[in-house]
Amino acid sequence: MRQTLALACALTVVACTESLPRPTQAEVELARNDWPDASLEQLNRGRQLYVQSCAGCHALALPSEHEPGEWTSIVQTMRREEEVELRDDEADLILRYLSAVAATR
Amino acid sequence: MRRSSLIPAVAAAATLAALFSVSDARASDRVFGYTYETAVLNPGDTELEPWTTVGVGRELHYLRFDNRLEYEFGIVRDLQGAVYFNTRAVNSDSIDEATGARVRSESYSFRGVDYEAKYKLSDPVADALGSALYLELGLAPHEAKVEGKVLLDKHFGDVVLATNLVAEYEQEWETPGELEHELELEVDLGLSYRVSESFSAGLELRQVNGLEGGKELESATLFGGPSLGYSGEGWWGVLSVLPQLRAFKGKSDGDFRDLEHQEKAQIRLLLGFHP
């Protein structure tokens, strides 16, 4: 009984834990201030690329850990100094996702 | 400045430098000596890891050094492999059955080659829970083993929580005509806090169960202690010191521990070097 309770508590804690947010329509509206053609599909693709390109090298930072404006220089630095292999359009999608979600959290 | 006052000052400066130095920490840098996290190397990335595990003290004098040299490599995204070369050196006392005298012996042996595959299923930040599957096959001159692990972890900001469910099945044929089976079931739990960019400090618990012949529970012990990690540029290191806290099964006479099957303490120093 005690073990079941402990397991249930542990699962509850994990379930309530913040994971990397999925973009919403509110964030699409925000992103359109800087990128008028921004869409939900693009932000989702940006999230996917962020996980694929960055999680293999370091623990992912949540978008809210930096100001929206800071993400531009972080992404540029990672491409320049850490030689992350990203095409310009992929870097742009990652930046759209991180900046938009950072602005709403 | 007198020499006696210089030593604490140098130690304090070294500590501060270690805590606040710029780090090149990678996702695959470990923060626990025994508990695995789910991170894997990127395709094409490699790492060389020398392991040293020291087992200290049983019912009589006992000192064991298990040395492993691991070469780890990323194969495709989310999948890594590794090869280990293992050696063991033991210095221990035993009682001579004929004379009753205590006899000290030393041995050094090649413990075979292990092959590992680790597949990451989910990420500890992007997903609600990080998860990975781990399989290790070992072949030595007189034994073979297969080890499977389910790895789970979660990052809560600077805190890392990880747990492993481990099953290891081993066959030994040291004596001609005799085949021994052994099953070990283990649960590992680690909690670590990133004190600075480079330095992490945490605790680990290991609950280890040995089943004689793969069926009957012979030994059940709990180890626990601190784990310190450091990530530098191009390398990382972890030191875990885990004394045996208690035995649930197989307790030695007059002791709260099982000193027939396990040591009083296990210490592991793990280093990783990446180009």
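Below, chain A is the first sequence line, B the second, and so on; all start at residue 1.
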Quiz prompt | Contact winner vs chain B - A/R47, A/R22, A/H58, heavy-atom pairs under 4.5 Å | solution = A/H58
Exercise. For A/E41, look at atom CD and say whether over 12 heavy atoms of other residues, nucleotides or ligands are found less than 6.0 Å away.
Key: no
Quiz item: So does A/Q25 have more than 12 non-hydrogen atoms from other groups sitting under 6.0 Å from CD?
Solution: yes
Quiz prompt | Shortest non-hydrogen contact between B/V125 and A/L62, atoms and distance | solution = CG1-CD2, 3.9 Å
Exercise. Below 4.5 Å from any heavy atom of chain A, which atoms of B/A126 appear? Answer side chain, backbone, both or neither.
Key: both
Quiz item: Restricting to pairs with a member in residues 34-55 of chain A, which pass ring pair (Phe, Tyr, Trp, His ring centres under 6.0 Å), not counting sequence neighbours?
Solution: none
Self-check item: Under the ring pair (Phe, Tyr, Trp, His ring centres under 6.0 Å) test, residues paired with B/Y71 that sit two or more places apart
Solution: B/F73
Quiz prompt | Choice from B/P43, B/A27, B/G157 maximising heavy atom contacts with chain A below 4.5 Å | solution = B/A27
Quiz prompt | Rounded distance (nearest 0.5 Å) linking atom NE2 of B/H155 with atom OG of A/S19 | solution = 13.5 Å
Exercise. Look up atom CD in A/Q52 and atom CG in B/D78, then write down how far apart they are to the nearest 0.5 Å.
Key: 8.5 Å
